[in-house]
Engineer: 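Structure below; questions to follow.
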Amino acid sequence: MGQYHRAIRDYDHILQLAPPGQNLTQSYFGRALALLQLGDRDQAEGCLRRAIECDANNEKAREILKWLHAGAQGTPTALRKPSEPVALAK
């Protein structure tokens, strides 16, 4: 659990130091994921909404937000690990 607390602190630091106009989608999304791991759904929802404000096309954030509103049963596709590794371009 300490790793999630540390991740949240790191994301908070990034969000505080970011210059105006910087796209912070990934920081809000990452913070939301760490908060979900700690069971803090309310704050996670707020971060997901901010991620969507930064990038209206963030489908992963939208999917997890829908999942939260549907009662959070199972695991949303956006949080599942791929069954096979993805080859990276060289």
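In this chain, numbering begins with 1 at the start of the sequence shown.
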Engineer: Would L24 and F29 show up in the same hydrophobic cluster when neighbours are defined by side-chain heavy atoms closer than 4.5 Å?
Structural biologist: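 No; tracing contacts between hydrophobic side chains, which count when under 4.5 Å, never links both residues.
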Engineer: To the nearest 0.5 Å, tell me how far H5 NE2 sits from L35 CG.
Structural biologist: 9.5 Å
Engineer: Is the shortest side-chain heavy-atom distance between D10 and D12 below 4.5 Å?
Structural biologist: no
Engineer: Taking atom CG of D55 and atom NZ of K60, what is their separation to the nearest 0.5 Å?
Structural biologist: 12.0 Å
Engineer: Can you find a pair of side-chain heavy atoms, one from E63 and one from K66, that are under 4.5 Å apart?
Structural biologist: no
Engineer: Side chains of R31 and Y11: is there a donor and an acceptor less than 3.5 Å apart?
Structural biologist: no
Engineer: What distance do W67 atom CH2 and L48 atom CG have between them, rounded to the nearest 0.5 Å?
Structural biologist: 10.0 Å
Engineer: Can you name the nearest heavy-atom pair linking L15 to S27, along with the distance?
Structural biologist: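 It is CD2-CB, 3.8 Å.
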Engineer: Any idea which heavy atoms bring N58 and I52 closest together, and the distance?
Structural biologist: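 Looking at all heavy atoms of both residues, the shortest contact is O-CG1, 4.4 Å.
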Engineer: Following the transitive rule for hydrophobic clusters with a side-chain heavy-atom cut-off under 4.5 Å over Ile, Leu, Val, Met, Phe, Trp and Tyr, establish whether I8 and Y28 coincide in one cluster.
Structural biologist: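 Unlinked, I8 and Y28 end up in two clusters.
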Engineer: Are L33 and L68 connected in the hydrophobic side-chain network, where two residues link if heavy atoms are under 4.5 Å apart?
Structural biologist: yes
Engineer: Does any part of the side chain of E45, heavy atoms only, come nearer than 4.5 Å to the side chain of H69, both counted from C-beta?
Structural biologist: yes
Engineer: Ignoring hydrogens and geometry, is there a side-chain-to-backbone donor-acceptor pair from R62 to A56 under 3.5 Å?
Structural biologist: yes
Engineer: Should the pair R50-E53 be classified as a salt bridge under the 4.0 Å nitrogen-to-oxygen rule?
Structural biologist: yes
